[in-house]
Student: 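Dropping a structure here in structure tokens format, bear with me for questions.
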Amino acid sequence: MKRTNVKRIGKSWMATFGFLAACAMTLSGLAGCSTTTEGGEGVEEGEETTMKISIPIVTTYADNDANATAAEVAFVTADIFIYNETGTSREQHVSLSASDFEKNTTLWKWEMKNPITVLSGNKKIYVGLNLPAAAKTVILNEGVQGVYGILPVAPDSLPTLRDAIVNPGSGFAMFSTPGTGNTDFVVIPGVANPAGEGKNEFSVSVERWASKIISVKAATLNTVASGATFLTAPGAVDANLSFSIGNVNTKLYPFQKKIGANIEDPNYTPPTPPFTVAQLGEYVNDFGRATGGTTSPSYPAGYSSVDTTSAFPPPAIDARTPKYAVENTSASPYYQGLLTYVSVRARFYPNEIITAFTAGATDSLSRDNTISSVQNDLYVYTTPGGEYLYFTNATVGAAWAAAYDGETFQGNYKDGYCYYLVYLDPKTAYSAAPYASVRNLLYCTMITKINSLGYPNPGEPDPETPLGVTTKLTVDVVITPWTFVAMDDIHLGLL
């Protein structure tokens, strides 16, 4: 067997060795019937031998995640699942704790202190760290690509997601990485080496199940759009801009399912509209409806402040609050209601308000352009020419709209808040399908421009409306090895 060579990429350590290109490994030759392996040796299958596993340490940081925490790399428990060569029959399950490993700071990996007893032969091995009990049950009963249902079908499920797979107390759930394929294997002798050096020792890389999402704004951001002034504040964190996430998947495969260049989740093939309640129940929204509802103040609980930065990638900011999502991919067509997205909330006040309407008058609208503060309730209309008109009196606004053709009611904006949708996109470097939330990716949404007033409330994207290709939202994604996805040119506007 070739010895393990460890190389560092950015701040992440990855193991490369011999024939191994995936961490769902087929172990050949652990010594009953004589068979010929790729190494040309005759090995015995079905005899007891011993084996050690090492796990390259999942580093705290992506190259550009200066705000990562120790909780994201905590090692609490390890579960080893051993299958036959085809992966169709589980032969062994070993549960260990972090105390059964020791940290090798030279090779930067966790090494098993004592070998475990296994049966010889060709095997596939998967390793999970910090797995919830329900996830282990799924793997034991259904295999590594059984469907693990993480979230309940209910709104405001972020606490449940945190408890399940991103729990600082019990560690972030991680599992073997698929690498470039699921059938690669190494040749090992059937007789264990008593010295434990170089034989029957395997390195298995793992990755987090969750994706991580943060949001920042450019140091210079326009403050006027759609006849309104958007509030901004200097300093590291701007509470006038905040973000949450929506359409978090409720299910995942413990071992990532890669079909060619595609990453597929249990909901990969979209249903045909009209969607049923059960189909939509596979997705939830992470807004604080239980606290905010649709009344004033509007949706306060689920949003975290956006960071201000003059540099990209953003520097460390202690107040940064990330969100975590579950892998969510989709085949075409890409429906708005089935894709994970970031909801950005901005605060504004109108540059003028309409105080009265006089039917038949040459100048039928009375305007007050001395406004310099947030209004509690605004009833917003647009004219056929695209002008935004802001009313504080619903009756006045409705009377004006009824007197003319082509005026469009945009909605009732409460407490000066408006909302925008930003769809995640890992690009083809990590998924052939766009608009995907992929495990172990760090998505950073950089807001660079506000093009127009947003929606009056977060709402929920129309589930049966395909995501438009051309929108007022522009995103430029740059990839670097959690794995950083820089969405660094986001213009806020209506889709």
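The figures that follow rest on heavy atoms only: side chains count, while hydrogens, waters and symmetry mates do not. Model, not experiment: these values are computed from the prediction.
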Student: Between Tyr435 and Tyr334 (judged by ring centroids, cut-off 6.0 Å), do the two rings come close enough to count as a pair?
Tutor: yes
Student: Between Glu72 and Lys212, is there a salt bridge with N-O shorter than 4.0 Å?
Tutor: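 A salt bridge links Lys212 with Glu72.
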Student: So Phe409 and Tyr381, would you call those rings parallel, tilted or perpendicular, with 30° and 60° as cut-offs?
Tutor: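 It falls in the tilted class, 30° to 60°.
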Student: Inspect the contact between Lys414 and Asp377 and indicate whether a charged nitrogen and a carboxylate oxygen are less than 4.0 angstrom apart.
Tutor: yes
Student: Between Tyr413 and Tyr379, is a side chain to side chain contact (heavy atoms under 4.5 Å, CB included) present by the stated rule, with each step listed?
Tutor: CA-CA 6 Å; Tyr413 290 74; Tyr379 303 89; over 6 Å; no
Student: Can a side-chain donor-acceptor contact be found between Asn351 and Asn369 if the only test is distance below 3.5 angstrom?
Tutor: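 Short answer, no.
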Student: Rounded to the nearest 0.5 Å, what separates atom CH2 in Trp209 from atom CD in Glu327?
Tutor: 11.5 Å
Student: Once you round to the nearest 0.5 Å, how far does OH of Tyr388 lie from OG of Ser452?
Tutor: 4.5 Å
Student: Determine, for Glu387 against Arg367, whether the closest basic-nitrogen to carboxylate-oxygen distance falls under 4.0 angstrom.
Tutor: yes
Student: Under a plain distance cut-off of 3.5 Å, with no hydrogens placed, do Thr382 and Gln410 share a side-chain donor-acceptor pair?
Tutor: yes
Student: Check side-chain contact (heavy atoms from CB on, under 4.5 Å) between Thr395 and all other residues, then give those that pass, not counting sequence neighbours.
Tutor: Asn393
Student: Test your reading of the model: is there a side-chain donor-acceptor pair from Tyr303 to the backbone of Val344, 3.5 Å cut-off?
Tutor: no
Student: When you measure from the centre of the six-membered ring of Tyr417, is the NZ or CZ of Arg345 closer than 6.0 Å and no more than 45° off the axis?
Tutor: yes
Student: Who are the side-chain contact (heavy atoms from CB on, under 4.5 Å) partners of Ala346, not counting sequence neighbours?
Tutor: Phe230, Leu241, Cys418, Tyr420
Student: Heavy-atom distance under 4.5 Å between the side chains of Ile263 and Gln256, does that happen here?
Tutor: yes
Student: How long is the span from the OG1 atom in Thr229 to the CZ atom in Arg347, to the nearest 0.5 Å?
Tutor: 14.0 Å
Student: Measure across Ala228 and Phe348 and return the closest heavy-atom pair with its distance rounded to 0.1 Å.
Tutor: CB-CD1, 3.7 Å
Student: Where the side chain of Asn262 meets the backbone of Glu264, is there a donor-acceptor pair that is under 3.5 Å apart?
Tutor: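 No: the side chain of Asn262 does not pair with the backbone of Glu264.
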Student: State whether the side chain of Thr340 and the backbone N or O of Asn247 hold a donor-acceptor pair below 3.5 Å, judged by distance alone.
Tutor: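 Answer holds: yes.
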Student: State, to 0.1 Å, how close Val76 and Asn130 come at their nearest heavy-atom pair, and which atoms those are.
Tutor: N-OD1, 2.8 Å
Student: Report the distance from atom CG of Leu492 to atom CG of Asn451, rounding to the nearest 0.5 Å.
Tutor: 8.0 Å
Student: Yes or no on ring-ring contact (aromatic ring centres under 6.0 Å, His included) for Tyr423 and Tyr341, after CA distance, side-chain angles and deciding distance?
Tutor: CA-CA 4 Å; Tyr423 283 90; Tyr341 61 90; 5.6 Å; yes
Student: Under 4.0 Å between a Lys/Arg side-chain N and an Asp/Glu carboxylate O for Lys257 and Asp265?
Tutor: no
Student: Checking side-chain polar atoms at under 3.5 Å, does Lys323 have a donor or acceptor matched by the opposite partner on Ser244?
Tutor: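 Side-chain D/A pair, Lys323 to Ser244: absent.
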Student: Could you go through Tyr404 and Ser364, starting from their C-alpha distance and side-chain angles, then the distance that decides it, and tell me whether this counts as side-chain hydrogen bond (donor to acceptor under 3.5 Å, both in side chains)?
Tutor: CA-CA 11 Å; Tyr404 297 94; Ser364 63; 3.2 Å; yes
Student: Within the supplied structure, the quantity of interest is the number of heavy atoms (other residues, nucleotides, ligands) at a distance under 6.0 Å from Asn141 CG; does it exceed 12?
Tutor: yes
Student: Go through Asp307 and Lys217 one step at a time and tell me if the salt bridge (Lys or Arg N to Asp or Glu O under 4.0 Å) criterion holds.
Tutor: CA-CA 6 Å; Asp307 300 335; Lys217 73 169 187 177; over 6 Å; no
Student: So, for Phe255 and Pro178, which heavy atoms are closest and what is the spacing to 0.1 Å?
Tutor: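 Looking at all heavy atoms of both residues, the shortest contact is CZ-CA, 3.6 Å.
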Student: Using a 3.5 Å distance criterion without hydrogens, assess whether the side chain of Ser431 forms a donor-acceptor pair with backbone atoms of Ala433.
Tutor: yes
Student: Backbone N or O of Pro461 within a donor-acceptor pair of the Thr465 side chain at under 3.5 Å?
Tutor: no
Student: Taking atom NZ of Lys449 as the centre, does the number of heavy atoms from other residues, nucleotides or ligands within less than 6.0 Å exceed 12?
Tutor: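 Check fails, neighbour count at 12 or below.
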Student: Using only atom types and a distance under 3.5 Å, with no angle test, would you say the side chain of Asn440 pairs donor to acceptor with the backbone of Glu207?
Tutor: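 No; judged by distance alone, with no hydrogens or angles, the pair does not exist.
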Student: Less than 4.5 Å apart, any side-chain heavy atom of Tyr148 and any of Ile165?
Tutor: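 Heavy-atom side-chain distance check passes, below 4.5 Å.
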Student: Assess, by modelled atom type and distance only, whether the side chains of Ser215 and Thr445 contain a donor and an acceptor separated by less than 3.5 Å.
Tutor: yes
Student: Ignoring hydrogens and angles, state whether a donor on the side chain of Ser211 or Ser437 is under 3.5 Å from an acceptor on the partner side chain.
Tutor: yes
Student: Can a donor-acceptor pair be found, under 3.5 Å and without considering hydrogens, that links the side chain of Glu142 to the backbone of Ile139?
Tutor: no
Student: CG/Asn249 to NZ/Lys251 distance, rounded to the nearest 0.5 angstrom?
Tutor: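 So the gap between those two atoms works out to 8.5 Å.
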Student: Using only heavy-atom distances, determine whether the side chains of Asp488 and Thr448 contain a donor-acceptor pair under 3.5 Å.
Tutor: no
Student: To the nearest 0.5 Å, what is the distance between OG (Ser372) and OH (Tyr349)?
Tutor: 6.0 Å
Student: Check for a donor-acceptor pair, side chain of Asn328 on one end and backbone N or O of Leu338 on the other, with a separation under 3.5 Å.
Tutor: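 A pair under 3.5 Å: yes.
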